[in-house]
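In this chain, residues are counted from 1 in sequence order. In what follows, every heavy atom counts, from backbone to side chain, and hydrogens, waters and symmetry copies are set aside.
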Amino acid sequence: MRKFLSLCLALALVFCLAAPALAEEALAEAPLAGEALLAGEAAEAAPPVLQEADKALAGTPKTADGPIEVWKNYLTSNTVRPEDKVGAYASLKEAFAAVTQSAEASKLVYIRQDYTLEEDLEIPTGVRLIVYGNGNKPGEQGATLTIPSGRTLTVKTDCNRFDVLDNSTLDIEEGGKVFLQERTLEPGEPQKGTVYIGNNAVLRGDFSLPENMRLYRSRGTSYYAMKESYTPDEIVTDAQGKQYACEKLSWVGLSSGETLTLLKDVTGNLTVSGDDITIDLGGHAWTTGGTTSPAAKLNGTGIVVKNGTLQAQAGSKCPVDLDTGAEVTIAADAAIKGAHTYGVLMGSRSALTVEGTITSTDSYAITGNGDGNYDNTLIHIKDGATVTSSSTTAIYHPQVGVLNVSGGTISGATGIEMRSGTLNMSGGTVTGQGTFAQTINKGGPTTMGVGIAAVQHVTRNDLQVNITGGVVQGTQNAVRQNEVYDDPHNNVHVSITNGTFAATGTAPDAAAVFSGDNVQNFISGGTFSGGVEPSYCAPGCELKDNGDGTYTAITPPAPDTTIRDTAIALDKTELSLEPGQTAKLKASLTPADATYKYI
């Protein structure tokens with residue numbers, strides 16, 4: 001009976017061990033998704049989830065019998081076991097020979113220690129070469145593969161792939177080569193013949209290509225060669241001037257200092273992260289793809305969009321969405337077309353400089369959000385800029401932030417509606433050309449037919465309008481400040497010191513400026529059609545009739561109350577007299593208009 005029980009237990013143990021092993025090997029052999037692999041998103045790049053077997057493996061020292069190891073499961077897999085290791089070898093040549101003879105479906109060669117290529121080699125058919133070291137997680141020690149002068153490592157068209165994972169380095173020395181054979185477009189196998197460089201890995205040197213081939217890069221991590229006769233959608237130029245072709249917009253990956261140049265009209269969405277990035281549209285149109293994402297989600301400082309059009313298609317999100325902290329310039333030769341949606345959405349702490357064109361047909365050209373999550377924005381409208389909405393407010397500003405208008409043209413049913421934040425206008429032209437209407441609105445604009453509307457939001461944030469120059473005109477009012485709620489607050493302020501203001505409509509109550517009772521005494525300069533209410537003028541301000549239906553507000557200079565004392569200068573600085581002698585000295589008093597004159 002004891003023998004029978006022992007036999008049963010042994011059989012059960014064998015079955016329990018064998019079944020998971022079969023399942024794990026099947027998982028290791030499963031191919032990874034096409035685009036994800038080409039984009040460098042293979043399981044190799046993911047942080048490992050170490051189970052007990054992994055912990056035991058990770059805790060072992062480097063193998064003493066060679067820096068190159070062959071495995072039948074990925075070291076980053078949470079199913080890897082010590083017995084998945086096929087062997088360790090002193091050279092890459094020996095490891096390639098061993099893995100080629102292996103019957104395992106997953107043919108994985110890992111470089112676990114720093115290694116210098118000793119002879120010319122090709123990565124064999126179906127084999128994946130991985131520079132790994134002791135791990136690719138933060139704080140783990142990677143490895144360096146050095147390709148010295150006179151040596152060539154060939155990435156064959158039909159190899160599985162060549163990976164340099166995070167923490168590791170591929171060092172191609174001068175005279176050394178990593179030669180990329182042409183990548184063929186086999187269905188389901190786009191990773192073949194590619195080199196993956198992890199986001200936190202290091203590539204030194206350049207890849208070598210066959211004649212008439214172009215180097216492609218996918219999402220900033222995967223490199224491969226294709227014929228020059230194949231026309232890419234884009235070219236990426238890095239900070240060192242190296243250029244990489246891109247097959248499609250969704251495969252573009254940009255880093256700080258790089259330039260994306262379109263080679264044709266494209267449709268799709270892309271998140272751009274990094275500083276000092278230039279998006280050169282190349283005279284082409286980039287159209288939003290789908291309905292759930294903006295065409296360009298921009299995240300970084302010093303980003304410039306130039307030389308073409310970014311536009312929305314029917315039912316899509318906006319063309320440009322500024323992420324938190326983004327700083328973006330729309331250059332003079334760029335156009336952002338929102339069509340049915342807004343052109344640019346401001347994110348929290350984002351900054352937008354407009355020198356080109358931003359338009360929308362059915363929504364705002366530029367907008368933020370007043371829910372408190374999009375505050376502290378900064379918008380500059382410069383000379384040459386055009387910001388237009390065909391049907392509503394061109395710039396709707398419900399968030400806390402600053403809008404500076406120093407030039408350009410802004411026009412819409414209302415030009416600008418400020419509901420929170422600060423408007424500083426020193427130049428440019430703002431026009432509200434819609435039919436006048438005003439409504440209570442807690443989640444959108446309140447006023448149409450006005451050049452600049454200042455209507456405090458239900459959030460009751462500070463609201464300040466400062467106008468020191470420029471031209472403002474509107475059907476009903478050039479500038480209208482009004483309280484649409486029943487509880488006016490005292491944190492709304494308007495100041496007009498210069499500029500030209502006109503009501504263009506014919507309504508009896510149309511006027512250059514209108515303000516509710518909560519804001520008075522705010523005009524000290526400027527020219528106005530039809531005059532202004534005396535209560536709007538600051539103390540001492542006078543209205544001069546220009547004789548052409550306009551009036552100029554003039555504030556006489558304040559009297560000079562400076563007290564100037566007398567300075568005395570004598571015509572001699574030295575004098576010698578005997579007892580009883582006298583002398584006359586000439587004194588000069590300065591200034592001549594001194595308040596007090598004395599000697």
Side-chain angles (χ1 to χ4, degrees), residues 329-338 343-344 352-361 364-367 379-397 402-418 421-436 445 447-455 464-481 494-506 510-514 522-523 525-530 532 546 548-553:
T329 296
I330 308 300
D333 55 0
I336 312 299
K337 297 182 178 181
V344 176
L352 174 68
T353 298
V354 184
E355 299 168 351
T357 299
I358 303 178
T359 63
S360 177
T361 55
Y364 325 118
I366 303 171
T367 187
I379 303 171
H380 298 284
I381 309 298
K382 298 291 193 72
D383 283 337
T386 299
V387 181
T388 303
S389 172
S390 302
S391 60
T392 185
T393 307
I395 300 179
Y396 177 60
H397 199 286
V402 176
L403 169 58
N404 295 319
V405 180
S406 58
T409 300
I410 302 169
S411 63
T414 282
I416 299 171
E417 180 159 343
M418 297 292 297
T422 300
L423 166 64
N424 299 310
M425 181 175 178
S426 58
T429 300
V430 178
T431 302
Q433 50 201 15
T435 301
F436 176 66
T447 309
M448 297 295 145
V450 171
I452 297 173
V455 183
Q464 176 82 43
V465 174
N466 304 310
I467 303 175
T468 59
V471 176
V472 186
Q473 52 197 6
T475 306
Q476 181 70 12
N477 309 113
V479 178
R480 184 179 184 90
Q481 187 289 133
V494 178
S495 172
I496 298 175
T497 61
N498 203 354
T500 301
F501 307 86
T504 60
T506 58
V513 177
F514 174 87
F522 56 88
I523 294 175
T527 299
F528 306 84
S529 65
V532 296
N546 297 318
D548 58 0
T550 66
Y551 294 78
T552 299

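- Contact between Ser411 and Ala394 at its shortest, heavy atoms only, is O-CB, 3.2 Å.
- Within the 3.5 Å criterion, the main-chain N or O of Ala511 finds a donor-acceptor partner in the side chain of Asn477.
- Between the side chains of Thr468 and Asn498, no donor N or O sits under 3.5 Å from an acceptor N or O.
- A donor and an acceptor atom, one from each side chain of Ser406 and Ser426, are nowhere located under 3.5 Å apart.
- The closest side-chain donor-acceptor pair between Thr504 and Gln473, if any, does not fall under 3.5 angstrom.
- When side chains are defined from C-beta on, Ile395 does not count as touching Thr367, because their heavy atoms never get closer than 4.5 Å.
- Between the NZ atom in Lys337 and the OG1 atom in Thr388 there is a gap of 11.5 Å [rounded to 0.5 Å].
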Please walk me through it: do Met418 and Leu403 pass side chain to side chain contact (heavy atoms under 4.5 Å, CB included)? CA-CA 9 Å; Met418 297 292 297; Leu403 169 58; 4.0 Å; yes

Step by step, would you call Thr361 with Ser390 a side-chain hydrogen bond (donor to acceptor under 3.5 Å, both in side chains)?
CA-CA 5 Å; Thr361 55; Ser390 302; 5.8 Å; no

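- Residues Val405 and Leu423 meet the side-chain proximity criterion, which asks for heavy atoms closer than 4.5 Å.
- The line from NZ of Lys382 to CD of Glu355 is 6.0 Å long, rounded to the nearest 0.5 Å.
- Using a 4.5 Å heavy-atom cutoff, the side chains of Val344 and Leu352 are in contact.
- Using a 4.5 Å heavy-atom cutoff, the side chains of Ile452 and Ile467 are in contact.
- Among the candidates Ile366, Val472, Ile381, the single residue satisfying the side chain to side chain contact (heavy atoms under 4.5 Å, CB included) test with Ile410 is Ile381.
- Just one of Thr422, Asn424, Thr353 meets the side chain to side chain donor-acceptor pair (under 3.5 Å) condition when paired with Asn404; it is Asn424.
- Here CD1 of Ile358 is found 8.5 Å from CD1 of Ile379. Values are rounded to the nearest 0.5 Å.
- Contact check for Pro445 versus Tyr396: side-chain heavy atoms found under the 4.5 Å cut-off.
- Counting all heavy atoms, side chain and backbone alike, Ala502 lies closest to Ser529 at CA-OG, 3.3 Å.
- Between the side chain of Thr414 and the main chain of Thr447, a donor-acceptor pair closer than 3.5 Å is present.
- No side-chain heavy atom of Val465 sits under 4.5 Å from any side-chain heavy atom of Met425.
- Side-chain contact check for Tyr551 versus Val532: every heavy-atom pair is 4.5 Å or farther apart.
- With a 4.5 Å cut-off on side-chain heavy atoms, Thr475 and Val450 do not count as touching.
- In this structure, the ring of Phe501 has its center less than 6.0 angstrom from the ring center of Phe528.
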> Can you check side-chain hydrogen bond (donor to acceptor under 3.5 Å, both in side chains) on Ser495 and Asn466, steps first, answer last?
Replying inline: CA-CA 5 Å; Ser495 172; Asn466 304 310; 4.6 Å; no

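- No donor-acceptor distance shorter than 3.5 angstrom exists from the side chain of Glu417 to the backbone of Val455, with no hydrogens or angles considered.
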Exercise for review: Please step through side chain to side chain contact (heavy atoms under 4.5 Å, CB included) for the pair Val513 and Val494, ending with a clear verdict.
Suggested key: CA-CA 11 Å; Val513 177; Val494 178; over 6 Å; no

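- Nearest approach of Ser391 to Ala413, heavy atoms of both residues: O-CB, 3.7 Å.
- With sequence neighbours excluded, no residue forms a ring-ring contact (aromatic ring centres under 6.0 Å, His included) with Phe514.
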Worksheet item: When you look at Ile336 and Thr357, which way does the side chain to side chain contact (heavy atoms under 4.5 Å, CB included) test go after all the steps?
Response: CA-CA 6 Å; Ile336 312 299; Thr357 299; over 6 Å; no

